[in-house]
Amino acid sequence: MSKQPLSVAVIGAGLAGRSHAAGYRQVNTVFGEGLPPVRLAAIADANTDLAEDAARRYGYDKAVSSWEEIVDDPAIDAVSIVVDNALHRQVAEALINAGKHVLCEKPLASTIADAEAMVAAEETTDVVTAVGYSYRRTPAIAAIRDHVQTGELGEMTLFNGRYWADYAADPRTPLAWRYKGGPGTGALGDIGAHLIDLAEHICGPIESIAGAALSTQVPKRPVPLGPVVGHAPAPVGDEVGEVENEDTAVFTARFSSGLTGSFSVSRTAFGMPNGLAFDAHGLSGRASFDWHRPAEYFFDDTQPESRTRGARQVIAGPQLPYFAGGYPTQAPGNGGGNAETFIYQCRAFLDQIVGTPEPLPACASFADALHTMRVIEAIVASDRTGTSIDVA
């Protein structure tokens, strides 16, 4: 194992940026050996107070006020991009040109053209490029994927997924960057991208979309008087502005295998703080997951006695992926949460960079995330035309 430290930085000190910052701090506490010491180099954010607070909390050497300072620092090896989607391409290309490894948050970009340019950059570089789909690292979700991939549920018959959140249910929520951009950049780009990725991670690629309907429940929102951090409230004035993207989307999908799926996504679903959930059905079994209960899933299959059949609660423990070696308390019922998935994601990214002997499953690539955007593009087209649309 190399003794030369691997220097990491995070661009963006808001909601998800702090999850990346905390994740890097813990990467050498989980799983096997192979990583060198990790130097927590810098946090960058235009909001200097936010950057300084994050750097202090998570033990980074310094806070800087611009992403360009990260690009120009030759001592930094790997960087997470966790900023406004419209900045992803510009920042990623600059980092890649500077020879730095890049982990970019989803969605990959705000436009297909920008995402295509990022994929082109990925294809012509020797640095590691990756995209953050953290829910893949949830032990229960990874276990359900294994059930499907090994055929334990039989031939798949239905995938039903929903990601219901309520961060935009309050009409007084300020008009931040998440509410700008055309159709597909709202709830679909923000939380729908996670659901689409999980569906394909479990069941294979989606090839067409039908029956899509997009809607906006709050068409105008108050303009903030200052910076907005994540989904947090912020002071607003009397001025209001137009919301440019969707609050809610529903659609059906056909997978390449022939499997059909139904999906709903909303950021205005009252009482659902982070309601990611799905059901995977086959001819001889089913599995269900709900993020509000992340340390368990439900499993049902054919039993010798039909009178005793029924969904069984499977409590997360060392028998599931990521649990053994991933939690300090190696006992069932003691794991499951957002923070851990970011630790595992950061560890997987650094595993790819270093080439550890027993790496975690690799992160999604820029090309994978472009495909997610192609699915969203097809959803928007289906809503606009009222027809079935093939994924490009």
Side-chain angles (χ1 to χ4, degrees), residues 5-30 35-96 98-106 130 132 134 167 173-180 190 223-237 274 337-347 349-350 353:
L6 186 64
S7 184
V8 301
V10 178
I11 298 175
L15 190 72
R18 292 178 178 236
S19 295
H20 283 254
Y24 286 122
R25 185 176 183 176
Q26 300 293 329
V27 289
N28 263 318
T29 70
V30 295
L35 285 185
V38 174
R39 172 180 168 246
L40 306 176
I43 304 285
D45 201 289
N47 184 331
T48 54
D49 289 342
L50 201 65
E52 289 171 358
D53 181 69
R56 176 187 62 81
R57 287 179 183 275
Y58 303 110
Y60 282 70
D61 291 347
K62 63 181 179 180
V64 298
S65 60
S66 72
W67 59 265
E68 290 90 349
E69 293 179 72
I70 303 296
V71 172
D72 294 338
D73 188 339
I76 293 175
D77 303 304
V79 183
S80 281
I81 301 173
V82 200
V83 292
D84 184 335
N85 303 334
L87 294 174
H88 286 184
R89 175 185 175 180
Q90 180 184 7
V91 177
E93 289 179 338
L95 291 169
I96 290 169
K100 302 184 191 303
H101 307 286
V102 177
L103 172 58
C104 185
E105 260 300 331
K106 43 53 56 192
S134 56
Y167 64 83
T173 299
L175 188 70
W177 63 266
R178 295 179 190 277
Y179 302 94
K180 299 293 186 179
D190 190 22
V223 175
L225 297 177
V228 178
V229 180
H231 303 307
V236 297
N274 198 45
N338 174 271
E340 290 86 1
T341 65
F342 278 91
I343 297 170
Y344 307 157
Q345 177 177 273
C346 290
R347 174 64 193 252
F349 176 50
L350 299 188
I353 293 170

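Side-chain atoms are counted along with the backbone in the values below, which use heavy atoms only and exclude waters and symmetry mates. Treat the numbers as computed from the prediction; the structure is a model and nothing was measured. The chain is numbered in sequence order, starting from 1.
No side-chain heavy atom of Leu50 sits under 4.5 Å from any side-chain heavy atom of Thr48. Contact of the Tyr179 side chain with the Thr173 side chain is registered, since non-hydrogen atoms from C-beta on lie closer than 4.5 Å. By the 4.5 Å heavy-atom criterion applied to side chains, Asn338 and Ser19 are counted as neighbours. Looking at Ile96 and Val102, their side chains come closer than 4.5 Å, going by heavy atoms from C-beta outward. At least one side-chain heavy atom of Val82 sits less than 4.5 Å from a side-chain heavy atom of Val10.
Take Lys100 and apply the salt bridge (charged side-chain N to carboxylate O under 4.0 Å, His left out) test, not counting sequence neighbours, and it matches no residue. With sequence neighbours left out, the side chain to side chain contact (heavy atoms under 4.5 Å, CB included) criterion links Ala94 to Trp67, Val71. Every residue meeting the side chain to side chain contact (heavy atoms under 4.5 Å, CB included) condition with Ala44, not counting sequence neighbours, appears here in chain and number order: Ile11, Val64, Ile70. The side-chain hydrogen bond (donor to acceptor under 3.5 Å, both in side chains) check on Glu105 picks up His20, with sequence neighbours excluded. Taking the side chain to side chain contact (heavy atoms under 4.5 Å, CB included) definition, one finds that Asp73 meets it with Lys62, Ala75, Ile76, sequence neighbours left out. Remark: Tyr24 pairs with Ser80 by the side-chain hydrogen bond (donor to acceptor under 3.5 Å, both in side chains) rule, at least two apart or across chains. By the side-chain hydrogen bond (donor to acceptor under 3.5 Å, both in side chains) test, Ser7 pairs with Arg39, sequence neighbours left out. When the side-chain hydrogen bond (donor to acceptor under 3.5 Å, both in side chains) test is applied to Tyr58, no partner is found at least two apart in sequence or on another chain. Glu52 is linked by a salt bridge (charged side-chain N to carboxylate O under 4.0 Å, His left out) to nothing, counting only residues two or more places apart in sequence or in another chain. In this structure Asn274 satisfies the side chain to side chain contact (heavy atoms under 4.5 Å, CB included) test together with Tyr135, Tyr163, Trp291, His292, sequence neighbours excluded.
Here the shortest heavy-atom pairing between Ala54 and Ile43 reads CB-CG2, 4.1 Å. Annotation for Ala21 and Tyr60: closest pair O-OH, 2.9 Å, computed over non-hydrogen atoms. Between Gly12 and Val83, the closest heavy-atom pair is CA-CG1, 3.9 Å. Gln345 and Gly132 make their closest contact through OE1-CA, 3.1 Å (heavy atoms, listed as atom of the first residue, atom of the second, distance). Nearest heavy atoms, Arg347 versus Leu35: CD-CD1, 3.3 Å. In terms of heavy-atom proximity, Asp190 sits nearest to Arg178 at OD1-NH1, 2.9 Å.
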Evaluate the criterion side-chain contact (heavy atoms from CB on, under 4.5 Å) for residue pair Leu175 and Val236; output intermediate values, then yes/no.
CA-CA 9 Å; Leu175 188 70; Val236 297; over 6 Å; no
side-chain contact (heavy atoms from CB on, under 4.5 Å) between Val38 and Leu40, intermediate numbers included
CA-CA 6 Å; Val38 174; Leu40 306 176; 4.1 Å; yes
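Screening Asn85, Val228, Leu87 for a side-chain contact (heavy atoms from CB on, under 4.5 Å) involving Trp177 leaves a single residue, Asn85.
Sorted by first then second residue, the salt bridge (charged side-chain N to carboxylate O under 4.0 Å, His left out) pairs that include residues 13-29, not counting sequence neighbours, are Arg18-Asp53. Within the structure, salt bridge (charged side-chain N to carboxylate O under 4.0 Å, His left out) contacts touching residues 74-95 (residues at least two apart or in different chains) are Arg89-Glu93, Arg89-Asp114.
Remark: the backbone N or O of Ala42 is not paired with any side-chain donor or acceptor of Asp61 at under 3.5 angstrom.
Within the model, atoms SG of Cys346 and CG of Asn28 stand 12.0 Å from one another, a figure rounded to the nearest 0.5 Å. For the atom pair CG of Asp72 and OG of Ser66, the computed distance is 8.0 Å after rounding to the nearest 0.5 Å.
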